[in-house]
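What follows is a single structure, written as structure tokens, with notes after it.
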Amino acid sequence: MTVAIAVALTASVIVPIKRIGSEFMPALYEGELLYMPTTLPGASATKMREILGQTNRVIMTVPEVERVFGKAGRADTATDPAPLTMIESWIALKPKDQWRSGITVDDITAELDQRLNMPGLVNSWGYPIKIRMDMVSTGIRTPLGIKVTGDDLTEIEALARDIEAVVTGIPGTRSAFADRVLGGRYLDITPDRAELARRNIDMGVFQGVVQTALGGMPLAQSVEGRERYDIIARYDRPFRESPEDFEQILVPTPAGAHIPLGELATIAYAEGPPMIRSENARLTGWVFVDIEGRDMGGYVAEARAAVAEAVDLPAGYAVEFAGQYEQLEEANARLAIAIPAAVALIFLLLMLHFGRLDRTLIIMASLPFGLIGGLWAVWLAGYNLSVAVAVGFIALGGIAVETAVIMLLYIDSEVRKAQPQTRTELFAAISRGAAMRVRPKLMTVLTIFAGLAPIFLTDGLGSDVMRRIALPMIGGMASTLLLTLIVIPAIYYIRTGFQLSARAENNEDSSISLKPSLEGDTQ
């Protein structure tokens, strides 16, 4: 009966295994949020400044927000190749004891996302350090990115827009934005070389006038303490607002005359790529996907199937899922080697110690029993399988094997002392050995519970990851307690009782002396 219950409990893990999602690492609350909306290319610096001010004012209307600071475009560094159409706003939140009752970080993010649902903006949310690490390690700013590679930017953009439309309808998509590899607005000033030659104007002079009038030319530097400010000569804004204004820019000739720029060049707007990305000598386009309420592994599986069904890829083009999903696949590949290797090492050490396969298998049964409570606890808590959860299960395996070994040693010791001749004597010896282990086992479990309980009672920085490490250990110790106190003695009794009966049948006239030993009895 006990063995049947053990088998049923072990089979019950099918329920949480099928329903638990997977992710690389859980989001770690940092005390701040990073709001990174994207708009279509072609927006001017003036318009982006206006949008930045609007979003900052809306963000400050949420009571939990302490302050917000945002920027549009790139910083003055080569390590920040952000386009002008990308905004980054750092949102500092008040301490949690000042929040509204019952509100969480996810609630604040959802409220901000709803209030900032503005036409032309595609929102993306996360934590500052996490997003920065993602951008350094994966090259994208969202948890998931779909990479389209090929040879033609026009075809890449068309495929990216099709993928954007497909993934937008997948449950769990908070936002999806196909990065526009085309659509940038450029002002082309094409010089008329024949006209420049006729008027004897040097090309360098022509380009210098355009550079000074539109871009500005540094003339000097103002020094104010430790601050430095460039003094730049440039046409005032009212004189450079439109192509018609550019045509009135005067270009000097060697004779002293000033010719309007419109007579020396063709001025017109043109479209082109705002930024050209390439990997492995192939042009690349991205679809940035922000996920909410879904695990990474399940979402990618559904998105991959939907994209493969709805999007036809021409020859020479490929679609890849990148971002944290790449890290998830790499972690799974390493864990697929590390976990079996750890189990095999434990098995080898137990065999070297006991020298008996039956004893080793009884102890190894603690591993699946530990998984029972751990998996159920993770699923009931709403967590996904991640590297943090895997670390918790690895620690659980060590504790479960340790307690099972001690239980087996207690039982072996009592059986060795009693020298049982019948099943009744064997049962009594096993019961005495198991009873001696009840108090140490309960103390071990209670110590683990007491040591890990503060992780679930506090809500500080880092608690999100620590809870996922501790929860498998707490749930697994509950099921391991049942295994150690009930299942192991029952299996020991069945196995040793069978050996006792076999010896009695083979040698009925001789006395039966069963001596379970620790020194290599290979029977």
Side-chain angles (χ1 to χ4, degrees), residues 9-10 12-30 130 143 294-298 324-325 327-347 349 363-406 441-484:
L9 289 175
T10 306
S12 68
V13 299
I14 298 176
V15 176
I17 286 177
K18 288 186 175 181
R19 300 183 181 182
I20 295 178
S22 59
E23 61 185 358
F24 174 61
M25 282 292 289
L28 177 64
Y29 176 67
E30 303 172 8
K130 179 178 181 297
R294 286 285 302 272
D295 66 288
M296 178 70 69
Q324 287 187 17
Y325 181 70
Q327 298 174 332
L328 174 61
E329 287 186 318
E330 182 178 353
N332 289 338
R334 294 188 177 185
L335 289 174
I337 299 175
I339 293 179
V343 174
L345 182 60
I346 292 174
F347 182 86
L349 293 176
I363 295 174
M364 293 300 293
S366 61
L367 295 180
F369 253 79
L371 291 177
I372 295 173
L375 289 173
W376 275 102
V378 170
W379 177 59
L380 293 176
Y383 295 161
N384 296 318
L385 291 178
S386 61
V387 175
V389 174
V391 171
F393 276 113
I394 293 174
L396 168 64
I399 298 175
V401 169
E402 178 186 5
T403 56
V405 167
I406 296 177
K441 176 62 179 178
L442 291 177
M443 291 178 61
T444 302
V445 174
L446 291 177
T447 301
I448 293 175
F449 285 171
L452 298 179
I455 298 176
F456 299 90
L457 300 177
T458 58
D459 201 18
L461 300 180
S463 60
D464 300 324
V465 175
M466 292 304 300
R467 288 173 181 173
R468 285 162 173 81
I469 297 176
L471 187 61
M473 299 174 64
I474 291 180
M477 286 310 299
S479 58
T480 304
L481 176 64
L482 177 66
L483 165 78
T484 305

field: Results of side chain to side chain donor-acceptor pair (under 3.5 Å) for Ser479 - residues two or more places apart only
entry: none
- request: Would you indicate whether the side-chain heavy atoms of Pro472 and Val378 approach each other to under 4.5 Å?
  value: yes
task: Under the side chain to side chain contact (heavy atoms under 4.5 Å, CB included) rule, what do Leu385 and Glu23 come out as? Steps first, then yes or no, please.
output: CA-CA 6 Å; Leu385 291 178; Glu23 61 185 358; over 6 Å; no
task: Could you check if a side-chain atom of Met296 sits within less than 4.5 angstrom of a side-chain atom of Phe24, using non-hydrogen atoms only?
output: no
field: Close side-chain approach of Leu349 and Ile346, heavy atoms under 4.5 Å
entry: no
message: Tell me if a side-chain donor or acceptor on Asp295 pairs with a main-chain N or O of Gly21 at a distance below 3.5 Å.
response: no
query: Can you tell if the side chain of Phe456 reaches within under 4.5 Å of the side chain of Leu471, non-hydrogen atoms only?
result: yes
message: Among residues at least two apart in sequence or on other chains, which ones pass side chain to side chain donor-acceptor pair (under 3.5 Å) with Glu330?
response: Arg334
- line: When every non-hydrogen atom of Val387 is compared with those of Ala331, the smallest separation belongs to CG2-CB, 3.8 Å
query: Under the side chain to side chain donor-acceptor pair (under 3.5 Å) test, which residues partner Trp376, sequence neighbours left out?
result: Ser12
message: Less than 4.5 Å apart, side chain to side chain, heavy atoms only: is that true for Val389 and Ile469?
response: no
Can you list, pair by pair, the side-chain donor-acceptor contacts under 3.5 Å of residues 337-345, counting residues two or more places apart and other chains?
none

query: Among pairs that include at least one residue of residues 382-405, which meet side chain to side chain donor-acceptor pair (under 3.5 Å), considering only residues two or more places apart or in two chains?
result: Thr403-Lys441
Side chain proximity check, Ile399 to Ile448, heavy atoms < 4.5 angstrom: yes
message: Using side-chain heavy atoms (C-beta onward) and a distance below 4.5 Å, is Leu367 in contact with Met364?
response: yes
task: Identify, with sequence neighbours excluded, every residue that meets side chain to side chain donor-acceptor pair (under 3.5 Å) alongside Gln324.
output: Asp134
query: Can you tell me how far CE of Met473 sits from CZ of Phe449, rounded to the nearest 0.5 angstrom?
result: 10.5 Å
Spacing of CG belonging to Leu452 relative to CZ belonging to Arg467, to within rounding of 0.5 Å: 13.0 Å
